[in-house]
Amino acid sequence: MPVKLYIDAVREALWEEMERDSRVLILGEDVGVRGGVFRVTAGLFERFGEARVIDTPLAESAIVGVAVGASAAGLIPVAEIQFADFILPAVNQIISEAAKLRYRSNNDWHCPLVVRAPYGGGVHGALYHSQCLEALFTHVPGLKVVAPATPHDAKGMLKAAIRDPDPVLFFEHKKLYRSVRGEVPEGDYTVPLGQAQTVREGEDVTVITYGMGVHWALAAADQVAAEGIRVHILDLRSLRPLDEQAVVAAARRTGKVLIVHEDHKFCGFGAELAALICEQALFDLDAPIQRLAGPEVPAMPFCPPLERAYLLNADRVAEAMRRLARF
Amino acid sequence: MMEQARHRRPEAQWRGSGGEVHEFHEVHPGEPPRHRALGLDDAQAVEMYRYMLLARLLDERMWLLNRAGKIPFVVSCQGQEAAQAGAGLALDRQHDYLLPYYRDLCLVLLWGHTPRDELLAAFAKAADPNSGGRQMPCHFSDRKLRIFSGSSPVGTQIPHAVGFALAAKMRGEASVSFVSFGEGTSNQGDFHEALNFAGVHKLPVVFFCENNKYAISVPEHKQLACANVADRAAGYGFEGVTVDGTDALAVYQVVKRAVDKARHGGGPTLVEAKVYRLVPHSSDDDDRSYRPREEVEEARRGDPLVRMRAYLTEVGLWDEAAEVDLRQRIASELDEATAFAEQAPYPPEESLYWYVYGEEETSHAG
């Protein structure tokens with residue numbers, strides 16, 4: 001099976017879906033001639049032309065709002081928000097409009113659109129090119145929110161998102177773009193939204209995470225394996241819909257749950273996971289649920305020591321695993 | 001950039017003693033009546049007025065029902081009927097997309113909704129075609145008629161209209177999208193972002209501002225630092241036009257030109273129809289706290305319905321008997337529709353959970 005970069009897997013999904021379905025179009029800032037500031041859409045403008053790969057004015061609410069209208073009219077827009085940090089001007093269009101269109105029209109209208117947004121830190125992006133904003137959107141019924149961690153899932157889930165009948169927020173961790181390679185099957189495949197995946201089996205500690213957290217957890221599990229701690233890791237892949245069964249099963253597997261995410265801890269996605277596990281598997285737990293998450297400061301500073309201090313890493317995840325294993 | 005409709009009457013001539021019909025002088029010897037000069041036949045001119053009156057009487061009926069405690073909320077079209085009728089006739093109701101706002105009762109009636117449809121919405125019943133009783137009244141929607149659903153945060157529909165226009169252009173369709181809003185909404189970011197997008201991509205969309213002088217209580221001069229909403233179009237590279245929105249034929253003329261231009265690749269137009277909101281913002285508002293009664297009374301003397309009726313009378317298409325007959329027929333239609341809507345069932349309680357996502361479509365079919 002070919003091994004590919006995360007960014008190339010995302011581009012392949014876009015390319016193949018645009019080949020497969022003439023209703024699919026891309027719109028966003030710099031997505032056309034420039035091929036995106038990260039180069040995700042490189043080559044698509046040349047292949048599919050300016051009518052289907054649209055360089056829009058710099059205005060996020062219009063990017064999403066126009067996508068809502070175009071999708072209701074029968075197209076399948078994939079809107080790119082250049083950095084997740086810049087999605088906030090479009091929140092009204094996402095939450096008041098896209099999320100509620102089907103419900104408010106009693107199933108008469110719907111808007112099958114995808115909003116792609118590179119998120120996460122560790123690339124010297126400072127406060128406004130580093131944020132994780134997924135928890136703002138997972139609160140909203142009507143939206144789907146996914147954050148694949150591997151090239152395989154990025155491609156398969158982006159195809160699934162494009163074919164989905166509802167609005168999907170597709171968060172791509174920008175640090176993964178060129179730092180992670182993985183096997184990507186030849187040809188067409190999809191990874192269904194709403195299915196978590198066990199990425200490592202173990203008996204002592206369960207880690208539930210997504211995005212960059214999966215890679216920290218895998219590296220940390222290797223570290224503590226040498227000490228005899230066997231770690232079980234669940235990659236959520238999709239936050240809404242959430243694979244609740246897989247979460248509860250993973251918690252029961254070891255009875256010791258460590259939730260890891262880069263986003264802030266307070267009211268972060270981990271709070272929902274902890275609540276779900278308590279509701280459904282409290283008496284199967286052998287230790288209090290632990291959450292390892294971003295610090296309660298507004299966002300990530302620019303200077304290297306503060307950026308390092310802000311971010312989780314494999315060492316910090318390994319330390320949390322050890323503490324929980326000892327409990 | 002701006003254009004006043006050619007046949008506009010000076011106010012003094014038609015705001016006379018109580019708005020009597022004889023004040024109007026629309027027929028000039030040797031010239032065809034205005035509506036024919038604009039390409040409208042007699043039946044279409046009459047149709048405009050019929051829908052204006054239908055909208056007004058339906059709107060008044062909803063206020064009555066509200067004050068009687070039967071429906072919780074009304075938001076009104078009164079004073080804006082001519083602007084809507086003129087615009088509605090200028091569009092292709094079989095192919096164009098309509099993205100209305102909450103005052104467009106006359107427009108959606110022209111587009112195929114019935115008083116029964118809107119009363120079902122007012123009573124929030126299951127058969128309401130707009131939302132099945134989920135949204136407040138006057139949040140119009142109907143996919144089969146190409147009326148796109150809107151929300152309550154204002155201006156969000158404007159980029160949607162641009163999206164519909166983008167789809168039409170991409171598919172090579174001749175349809176135009178028509179989106180309306182008030183002057184207060186022209187301050188929202190979505191208004192500016194959408195107009196700019198449409199201007200850059202030269203899309204087939206008509207932006208229609210129904211400037212009724214008030215954003216709830218805040219008057220126009222505290223909303224706008226420029227003279228006209230239409231002036232804002234200049235910043236987006238296309239034409240902005242103001243028109244007397246109490247004159248249905250003038251609105252028709254201006255919107256028709258904008259629609260034709262959009263349909264033939266000429267890009268967007270911003271049309272601003274100057275109207276006056278004759279009633280409070282909604283059934284929960286009391287406009288006595290922010291505008292003098294004299295101002296409202298003065299505006300009532302220029303009531304667009306009076307004006308249109310006067311025109312039709314002067315050109316020989318209308319008379320007192322026709323008026324009485326039409327009012328009687330509308331009254332009985334409204335009685336029947338009110339009774340129907342009041343007795344219609346609410347949606348079942350379990351429907352609360354329906355239609356959050358598409359996968360559930362099959363489970364609640366029918």
Side-chain angles (χ1 to χ4, degrees), chain A residues 22-23 25 27 49-52 54-77 79 89-90 92-93 95-113 140-144 164-168 193-194 240-241, chain B residues 97 99 126 128-135 139 141-144 146 148-153 155-171 173 175 177 179 188-190 192-201 203 347 351 354-361 364-365:
Chain A
S22 63
R23 295 173 302 168
L25 73 150
L27 71 167
E50 64 179 343
R52 290 182 68 197
I54 302 172
D55 276 323
T56 66
L58 202 167
E60 285 79 10
S61 188
I63 292 171
V64 176
V66 168
V68 168
S71 66
L75 300 180
I76 304 177
N92 194 34
Q93 283 293 343
I95 293 182
S96 298
E97 305 301 318
K100 294 174 176 62
L101 178 61
R102 184 188 293 278
Y103 192 78
R104 77 180 185 217
S105 67
N106 207 26
N107 209 32
D108 201 23
W109 291 100
H110 68 291
C111 54
L113 64 98
V140 181
L143 295 180
K144 295 183 178 179
D164 196 273
D166 291 299
V168 180
L193 310 185
R240 185 172 193 133
Chain B
Y97 292 105
L99 292 95
D128 156 31
N130 299 286
S131 79
R134 289 180 169 193
Q135 292 231 69
H139 287 53
S141 175
D142 202 324
R143 189 161 183 232
K144 68 179 182 299
R146 296 167 320 290
F148 189 56
S149 165
S151 63
S152 306
T156 52
Q157 75 276 22
I158 309 175
H160 300 167
V162 177
F164 274 90
L166 180 70
K169 187 181 177 186
M170 272 186 68
R171 293 193 288 234
E173 296 167 1
S175 58
S177 68
V179 59
Q188 287 284 356
D190 271 355
H192 295 275
E193 293 192 17
L195 265 68
N196 186 54
F197 195 115
V200 167
H201 290 277
L203 297 173
S351 72
W354 295 356
Y355 312 133
V356 180
Y357 295 104
E359 291 87 349
E360 300 143 29
E361 271 179 60
H364 316 299

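Below, chain A is the first sequence line, B the second, and so on; all start at residue 1. Please read all numbers here as calculations on a predicted model, not as lab measurements.
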Part of B:Asp128 within contact of chain A (heavy atom distance under 4.5 Å) | neither
Examine whether an atom of B:His201 lies under 4.5 Å from a heavy atom of chain A, and if so say whether it belongs to the side chain, the backbone or both; otherwise answer neither.
->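 When you check distances to chain A, only side chain atoms of B:His201 fall under 4.5 Å.
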Is the B:Tyr97 ring parallel, tilted or perpendicular to the B:Phe164 ring (thresholds 30°, 60°)?
->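 The rings of B:Tyr97 and B:Phe164 sit tilted, inter-plane angle from 30° to 60°.
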Just give me the residue among [options] that pairs up with chain A most often, heavy atom to heavy atom, under 4.5 Å.
{"options": "B:Ala165, B:Ser131, B:Ala167", "answer": "B:Ser131"}
{"options": "B:Gly150, B:Ser177, B:Pro347", "answer": "B:Gly150"}
{"options": "B:Arg171, B:His160, B:Arg146", "answer": "B:His160"}
{"options": "B:Asp190, B:Ile158, B:Val162", "answer": "B:Asp190"}
{"options": "B:Asp142, B:Asn196, B:Val200", "answer": "B:Asp142"}

Return the set of residues passing side chain to side chain contact (heavy atoms under 4.5 Å, CB included) with A:Ala70 (not counting sequence neighbours), or none when no residue passes.
->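 For A:Ala70, the residues satisfying side chain to side chain contact (heavy atoms under 4.5 Å, CB included) (neighbours in sequence not counted) are A:Leu75, A:Pro77.
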Taking side chain to side chain contact (heavy atoms under 4.5 Å, CB included) as the test, write out the residues that go with A:Pro89, two or more places apart.
-> A:Glu60
Roughly how far, to the nearest 0.5 Å, is the [atom2] atom of [Y] from the [atom1] atom of [X]?
{"X": "A:Glu97", "Y": "B:Ser151", "atom1": "CD", "atom2": "OG", "result": "3.5 Å"}
{"X": "A:Asn107", "Y": "B:Trp354", "atom1": "CG", "atom2": "CH2", "result": "10.5 Å"}
{"X": "A:Arg23", "Y": "B:Met170", "atom1": "CZ", "atom2": "CE", "result": "11.5 Å"}
{"X": "A:Asn106", "Y": "B:Arg134", "atom1": "CG", "atom2": "CZ", "result": "4.5 Å"}

Residue selection (most heavy-atom pairs with chain B, distance under 4.5 Å) from [options]:
{"options": "A:Ser71, A:Ala72, A:Ser22", "result": "A:Ala72"}
{"options": "A:Leu58, A:Asp164, A:Ile54, A:Ile63", "result": "A:Ile54"}
{"options": "A:Lys144, A:Arg52, A:Arg104, A:Gln93", "result": "A:Arg104"}
{"options": "A:Ala62, A:Gly69, A:Pro141, A:Pro112", "result": "A:Gly69"}

Minimum heavy-atom distance between A:Asp166 and B:Gly358, given as atom pair plus value =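 Shortest heavy-atom contact: OD2-N, 2.6 Å.
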Is [X] close to chain B through its backbone or its side chain, or both, or neither, when contacts mean heavy atoms under 4.5 Å?
{"X": "A:Ala67", "result": "neither"}
{"X": "A:Asp108", "result": "both"}
{"X": "A:Leu143", "result": "backbone"}

Under 3.5 Å, is there a donor-acceptor pair linking the side chains of B:His139 and B:Ser152?
->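 The answer is yes; a qualifying pair exists.
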